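This report concerns only the one structure given below.
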Protein chains: 2
Amino acid sequence: MVTMKRNTWQREAVRNALTQSEGFVSAQSLHSALRDAGSSIGLATVYRALGDLAGAGDADSLQQDGESLFRACTPDSHHHHLICRECGTTVEIKADAVEQWAKSVAAEHGFTEPHHIVDVFGLCRACSST
Amino acid sequence: MVTMKRNTWQREAVRNALTQSEGFVSAQSLHSALRDAGSSIGLATVYRALGDLAGAGDADSLQQDGESLFRACTPDSHHHHLICRECGTTVEIKADAVEQWAKSVAAEHGFTEPHHIVDVFGLCRACSST
DNA sequence: ATGCTATTGATAACGAATCTCATTACCGCT
DNA sequence: AGCGGTAATGAGATTCGTTATCAATAGCAT
């Protein structure tokens, strides 16, 4: 028995908060959201939990502006996001063609276990008109 | 004439160093490389020059492990990357189909100025076999 | 050359993420 | 249920990449 994993309410809290979050969230914002909701969870714990989730494949992560953003990863509803860089509005988009492309391009170069980051940023209709 | 751009040896030094670098380089390593070569260039200047190059489309940038990496970018060659999450090896990939898809999906939802993040991670051939 | 001002660079400041370590509490065992 | 070991927690300190500050420097038009 090399490593033993324990179940704590903190891990579950992070998992829940992440699942209920829309789009990508930073560790810090998730932490303050939890605190605002009355939780006494620590920041370091949120970082650890998110790292574990990402490592276990239960969360997707991407890096933007020098910070890591996380998103709950539901295996049966893979999709990407169209995000407004002004107001943060996000629209879910499906892209089967892109999924196939990512897989094939990875295989083409001998890469295994492909995992892709595909997100489109822009200005939404409202923000474009201002 | 609202903004005037001046040519300094520092900018050229960064441009040259970046061009001569193999693969992606961090601002800090580029800075110490320049210092090691006898240059007295400052760190902040390297950051500024790299930011300008990236903004002007003369350099590609990606974020990994919380730091930004840069590489000289030959103009008119927009491409994405296939990155090994183990050793960091990167392969340039072209994806015209994805470019078109990003544009159309953005327009479809009323988004303007589309800008997309498309990167594929995986294990390269060498790292897969270990 | 001269004046204006963009640029530089040493350093301070900032922020995200990690580390430390004493305390807590999960979980197998009896 | 009670115990013991030990993984996990969390407040604070620390690391590290990046940006801001601001006096000094140097590019460029005249």
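Treat the numbers as computed from the prediction; the structure is a model and nothing was measured. These numbers come from the heavy atoms of this one structure, side chains and all, not from hydrogens, waters or symmetry mates. Reminder, nothing fancy here: chain letters follow the sequence lines and each chain counts from 1.
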Which nucleotide, C/dC26, C/dA17, D/dG10, lies nearest any side-chain atom of A/Gln28?
C/dA17
What verdict does the salt bridge (charged side-chain N to carboxylate O under 4.0 Å, His left out) test give for A/Arg71 and A/Asp60, after you've listed the backbone C-alpha separation in whole Å, the side-chain angles of each residue and the deciding distance to 0.1 Å?
CA-CA 5 Å; A/Arg71 174 183 66 171; A/Asp60 252 356; 3.1 Å; yes
By salt bridge (charged side-chain N to carboxylate O under 4.0 Å, His left out), A/Arg11 pairs with (sequence neighbours left out) A/Asp52
Can you tell me the distance, in whole Å, between the CG atom of B/Asp65 and the P atom of C/dA16?
17 Å
For the helix from C/dA1-D/dT30 to C/dT30-D/dA1, measure the angle between the helix axis at one end and the axis at the other, each built from five pairs, rounding to 10°.
40°
What distance do B/Phe24 atom CZ and B/Ser61 atom OG have between them, rounded to the nearest 0.5 Å?
8.0 Å
If only atom types and distance count, is the side chain of B/Ser39 paired as donor or acceptor with the main-chain N or O of B/Arg35 below 3.5 Å?
no
Under 4.0 angstrom between A/Arg35 side-chain N/O and D/dA11 OP1 or OP2
yes
Does some side-chain heavy atom of A/Ser68 sit less than 4.5 Å from a side-chain heavy atom of A/Leu62?
no
Within residues 46-53 of chain B, those residues having any heavy atom closer than 4.0 Å to DNA chain D are B/Tyr47
Tell me what A/Ser26 touches on the nucleic acid: a base, only sugar-phosphate, or nothing, going by heavy atoms under 4.0 Å.
nothing
Main-chain N/O of B/Ile41 paired with B/Thr45 side-chain donor or acceptor, under 3.5 Å:
no
Show me the protein contacts with nucleotides 2-6 of chain D, counting only N or O atoms at under 3.5 Å.
residue: D/dG5; atom: N2; partner: A/Arg6; partner atom: NH2; Å: 3.1
residue: D/dT6; atom: O2; partner: A/Arg6; partner atom: NH1; Å: 3.0
residue: D/dT6; atom: O2; partner: A/Arg6; partner atom: NH2; Å: 3.0

Short side-chain N/O contact from A/Thr8 to OP1 or OP2 of D/dT9, under 4.0 Å
yes
Just how far, in rounded Å, is P of C/dA16 from CZ of A/Phe70?
13 Å
With sequence neighbours excluded, residues passing side chain to side chain donor-acceptor pair (under 3.5 Å) with A/Ser29
A/Ser26
Quick one: is A/Ser68 getting a side-chain N or O under 4.0 Å of the C/dA17 phosphate, OP1 or OP2?
yes
Determine yes or no for a side-chain-to-main-chain donor-acceptor pair under 3.5 angstrom, with B/Gln63 supplying the side chain and A/Asp65 the backbone.
yes
Where the side chain of B/Leu43 is concerned, which of D/dT18, C/dA17, D/dG10 is the nearest nucleotide?
D/dT18
For residues 28-72 of chain A, which residue pairs qualify under ring pair (Phe, Tyr, Trp, His ring centres under 6.0 Å), counting only residues two or more places apart or in two chains?
none
Between D/dA26 and B/Gln10, is there an OP1 or OP2 to side-chain N/O distance shorter than 4.0 Å?
no
Among C/dA10, C/dA17, D/dA8, which nucleotide has an atom closest to any side-chain atom of A/Lys5?
D/dA8
If you check the B/Ala44 side chain, which of D/dC28, C/dA10, C/dT7 turns out closest?
C/dA10
Nearest heavy atom decides the nucleotide; on that basis, is A/Asn7 or A/Glu67 closer to the 5' end of DNA chain C?
A/Glu67
